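Remember, it's a predicted structure, so these values are computed and weren't measured experimentally.
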Amino acid sequence: NHTRSNRLMSKLWLAIIANIIGSIIAFFQLQGWVVWPDKPWLKSMWWVYLTSLIIAPLFFYSTKMSYEHFGAFWNMRLGGFGISTVVFGIMAWGLIGEVPTLKTVISLLLALSIILIQVTNVVK
């Protein structure tokens, strides 16, 4: 039973990691042209198509592994929303220089709360 518990926990971590990596690549897919304005190919639809070939499987496997862990889709749907929101906030601040306003900080805290609620047993 302990081995099954560890296997399920590792699926949750893999789901979270896949979601984080997908969110990072999605950030560059959609905002890369702002981070590197001297790279015109970052505005190309071909860039969008190419990165989608990486992003879609990451989100698919994140959802699949999360479902195998929780037995429901809502957890990673909401947790993934929170993860992508936090990743976006960190990257927008770090790479573009968008300093979070108070309402953005509050929204990020809410996103973090959503993640914690969905991946823990805080609320059942």
**OP:** Over all heavy atoms of both residues, which pair between A26 and Q31 is shortest? Give the atoms and the distance, please.
**Re:** O-OE1, 4.3 Å

Original post:
Same cluster for W74 and Y67 if Ile/Leu/Val/Met/Phe/Trp/Tyr side chains link at under 4.5 Å?
Top reply: no

Subject >> Option from W33, W47, W46 for which ring-ring contact (aromatic ring centres under 6.0 Å, His included) with W41 holds >> reply: W47

Original post:
Should I55 and M45 be regarded as members of a common hydrophobic cluster, given that ILVMFWY residues are connected when their side-chain heavy atoms come within less than 4.5 Å of each other, either directly or indirectly?
Top reply: no

Original post:
For the residue pair Q118 and G79, what are the closest heavy atoms and their distance?
Top reply: CG-N, 3.9 Å

Subject >> Closest approach of L108 to G89 (non-hydrogen atoms, all atoms of both residues) >> reply: CD2-CA, 4.3 Å

Original post:
About how many Å separate CD1 of I115 and CG of L78, when rounded to the nearest 0.5 Å?
Top reply: 11.0 Å

Subject >> Heavy-atom check, side chain of F70 versus side chain of L12, under 4.5 Å >> reply: yes

**OP:** Verify the distance criterion only: is there a donor paired with an acceptor across the side chains of T63 and S66 at less than 3.5 Å?
**Re:** no

Original post:
Looking only at heavy atoms, which two atoms of S52 and P57 are closest? And how far apart?
Top reply: O-CD, 4.0 Å

Original post:
What distance do M76 atom CE and F81 atom CZ have between them, rounded to the nearest 0.5 Å?
Top reply: 14.0 Å

**OP:** Establish whether I54 and I21 are linked, either directly or via other cluster members, by ILVMFWY side-chain heavy-atom contacts under 4.5 Å.
**Re:** yes

Original post:
Hey, does N19 have a side-chain heavy atom less than 4.5 Å from the side chain of L58?
Top reply: no

**OP:** Give the C-alpha distance, both sets of side-chain angles, the deciding distance and a yes or no for side-chain hydrogen bond (donor to acceptor under 3.5 Å, both in side chains) between T101 and T104.
**Re:** CA-CA 5 Å; T101 63; T104 301; 3.0 Å; yes

**OP:** Please indicate whether Y61 has more than 12 foreign heavy atoms, meaning atoms of other residues, nucleotides or ligands, lying under 6.0 Å from its OH.
**Re:** no

Original post:
When you measure from the side chain of Q29 to the backbone N and O of V48, does any donor-acceptor pair fall under 3.5 Å?
Top reply: yes

Subject >> Test log, rule side-chain contact (heavy atoms from CB on, under 4.5 Å), inputs S23 and F59 >> reply: CA-CA 9 Å; S23 296; F59 288 138; 4.1 Å; yes

Subject >> Shared hydrophobic cluster for I83 and I90 (ILVMFWY, side-chain gaps under 4.5 Å) >> reply: yes

Original post:
Nearest 0.5 Å, what's the CD1-NE2 distance between I16 and H69?
Top reply: 8.0 Å

Original post:
Shortest non-hydrogen contact from K11 to M65?
Top reply: O-CB, 3.6 Å

Original post:
Is there a side-chain contact between V119 and N75, using heavy atoms and a 4.5 Å cut-off?
Top reply: no

**OP:** May I ask whether I114 and L112 are part of the same hydrophobic cluster, defined by side-chain heavy atoms of I, L, V, M, F, W, Y residues being less than 4.5 angstrom apart, directly or through others?
**Re:** no

**OP:** Find out whether E98 and W93 are in side-chain contact, i.e. whether some heavy atom of one side chain is under 4.5 Å from a heavy atom of the other.
**Re:** no

**OP:** Could you grab the distance from atom CD1 of I20 to atom CD1 of I25, nearest 0.5 Å is fine?
**Re:** 12.0 Å

Original post:
Can you check whether F27 reaches S84 side chain to side chain, under 4.5 Å on heavy atoms?
Top reply: no

**OP:** Taking the side chain as every heavy atom from C-beta outward, state whether F28 and L95 have any pair of such atoms under 4.5 Å apart.
**Re:** yes

